Amino acid sequence: MADSQTSAPRRGRNWPLILGFLMLGACWLGPLPAMSRTAFSAHMLLHLGVVALAAPLLAIGLARSGLRVDGMRHIGIWSIVVFAAEMLVVWGWHAPQLHEAAALNVWAFVAQQLSFLAVGLGVWLLGFASQSRRGLVAALFGFFLTFVHMTMLGVVLIMAPKLIYPAELCLGAFGFEQLEDQRFGGILMAAWSGVAYLGGAVVLGARLLSSTSTARL
């Protein structure tokens, strides 16, 4: 009886993990994969849905389940590797050749989406499955750098005077012309990264200050 009473709150407390899987299913099983083959803005919605909605929810759920990354040796080095890999994956898949390959080849698309999820989950786990001050500091700087490089990519897409990608991949899904479709994708990248990663950095900063105050008491 007592076990059933304690297990119910645990299941209710882990709603972020369930919601994260539901969000991932909505991203991958909904209309966005098909739309992203001809609309850059739809691709960006899919990308950001995976890395900035599903991934943080999954990371929070895994952290609530007891997963911790503080026990990893050389956590600072691993943090650098994870955030560098995230930047490489994001910029790499938005290179014109790789973006076109993912739009035209199903296996390249699968590799793209799985790599987005892997690096996105890695970044958010460093933030939410860490309780040590060293881990929080590393994740705080990493979140800020992620915000900076994703905003820079968004600005590049917004400011580009002509299409970076093939015209048939920027046909638009929301009534946009081709160049407007590419620029709207850049707006989504810049705005969403600001809300997600800069917001995540603020949360981590608050946790760091809280842990410092507790230690002083």
Side-chain angles (χ1 to χ4, degrees), residues 20 23-57 82-124 142-202:
M23 182 61 65
L24 201 58
C27 288
W28 286 347
L29 301 178
L32 286 178
M35 294 169 63
S36 66
R37 295 172 182 169
T38 58
F40 184 76
S41 53
H43 154 79
M44 195 61 73
L45 284 173
L46 178 61
H47 167 210
L48 294 169
V50 171
V51 303
L53 284 180
L57 287 169
V82 168
F83 287 111
E86 192 273 343
M87 183 171 66
L88 181 63
V89 165
V90 170
W91 281 81
W93 280 114
H94 287 92
Q97 296 85 353
L98 288 182
H99 177 73
E100 182 177 8
L104 300 178
N105 185 283
V106 64
W107 293 111
F109 175 78
V110 170
Q112 178 198 67
Q113 294 301 306
L114 290 179
S115 62
F116 281 158
L117 178 61
V119 296
L121 190 57
V123 164
W124 290 100
F143 271 52
F144 180 73
L145 292 176
T146 302
F147 154 70
V148 170
H149 86 75
M150 290 185 71
T151 301
M152 286 177 60
L153 178 56
V155 170
V156 169
L157 295 169
I158 295 169
M159 300 300 293
K162 60 182 180 179
L163 285 174
I164 299 174
Y165 305 102
E168 60 270 20
L169 304 184
C170 299
L171 298 180
F174 309 101
F176 292 109
E177 298 294 332
Q178 292 171 330
L179 186 57
E180 291 175 342
D181 183 45
Q182 179 178 283
R183 287 174 174 169
F184 184 56
I187 291 172
L188 290 172
M189 169 71 83
W192 207 326
S193 65
V195 172
Y197 293 99
L198 194 57
V202 170

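A quick note: this is a predicted structure, and the numbers were derived from the prediction, not measured.
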- prompt: In terms of side-chain heavy atoms, does Trp93 have a donor or acceptor partner in His99 at a distance below 3.5 Å?
  reply: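 No, no side-chain donor-acceptor contact under 3.5 Å.
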- request: Can you establish whether the number of heavy atoms outside Phe144 located under 6.0 Å from its atom CZ is more than 12?
  value: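 Atom CZ in Phe144 is not packed in, count stays at 12 or less.
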task: Kindly check if the number of other-residue, nucleotide or ligand heavy atoms within 6.0 Å of CD (Glu177) is above 12?
output: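 No - once you tally the heavy atoms of other residues, nucleotides and ligands closer than 6.0 Å, there are 12 at most.
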Donor-acceptor pair, side chain of [X] and main chain of [Y], under 3.5 angstrom:
X: Asp181; Y: Phe176; value: no
X: Glu100; Y: Pro166; value: no
X: Tyr165; Y: His94; value: yes

May I ask you to test the [X]-[Y] pair for a side-chain heavy-atom distance under 4.5 Å?
X: Met189; Y: Met152; answer: no
X: Met159; Y: Arg183; answer: no
X: Phe109; Y: Leu46; answer: yes
X: Thr151; Y: Tyr197; answer: no
X: Phe184; Y: Leu179; answer: no
X: Phe40; Y: Leu157; answer: yes
X: Gln178; Y: Leu171; answer: yes
X: Glu86; Y: Met150; answer: yes

- prompt: With ring centroids as reference points, do Trp192 and Phe147 lie under 6.0 angstrom apart?
  reply: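 No.
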Closest non-hydrogen atom pair between [X] and [Y], with its separation:
X: Trp28; Y: Val50; answer: NE1-CG2, 3.5 Å
X: Gly120; Y: Ala55; answer: C-CB, 3.7 Å
X: Ala190; Y: Ser193; answer: O-OG, 3.0 Å
X: Ser115; Y: Val89; answer: OG-CG1, 3.7 Å
X: Val51; Y: Pro56; answer: O-CD, 3.5 Å
X: Cys27; Y: Leu32; answer: O-CB, 4.1 Å

Would you compute the distance between atom [atom1] of [X] and atom [atom2] of [Y] and round it to the nearest 0.5 angstrom?
X: Leu45; Y: Met35; atom1: CG; atom2: CE; result: 7.5 Å
X: Leu104; Y: Leu169; atom1: CG; atom2: CG; result: 6.0 Å
X: Ser36; Y: Met44; atom1: OG; atom2: CE; result: 11.0 Å
X: Trp91; Y: His149; atom1: CH2; atom2: NE2; result: 8.5 Å
X: Leu117; Y: His47; atom1: CG; atom2: NE2; result: 11.0 Å
X: Ser41; Y: Glu180; atom1: OG; atom2: CD; result: 10.5 Å

task: Mind running side-chain contact (heavy atoms from CB on, under 4.5 Å) on Leu48 and Leu53 for me, showing each step along the way?
output: CA-CA 7 Å; Leu48 294 169; Leu53 284 180; over 6 Å; no
message: List the residues meeting side chain to side chain donor-acceptor pair (under 3.5 Å) with Thr146, not counting sequence neighbours, and say none if there are none.
response: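 In terms of side chain to side chain donor-acceptor pair (under 3.5 Å), with neighbours along the sequence ignored, Thr146 is linked to no residue.
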task: Fit a plane to each ring of Trp124 and Phe143, take the angle between them on a 0 to 90° scale, and name the class: parallel (under 30°), tilted (30 to 60°) or perpendicular (over 60°).
output: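 Plane angle over 60°, so perpendicular.
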By side chain to side chain contact (heavy atoms under 4.5 Å, CB included) - contacts of Ala108 (at least two apart):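 Once residues adjacent in sequence are excluded, the partners of Ala108 under the side chain to side chain contact (heavy atoms under 4.5 Å, CB included) criterion are Ala101, Asn105.
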message: Walk me through whether Thr38 and Glu168 qualify under side-chain contact (heavy atoms from CB on, under 4.5 Å).
response: CA-CA 6 Å; Thr38 58; Glu168 60 270 20; over 6 Å; no
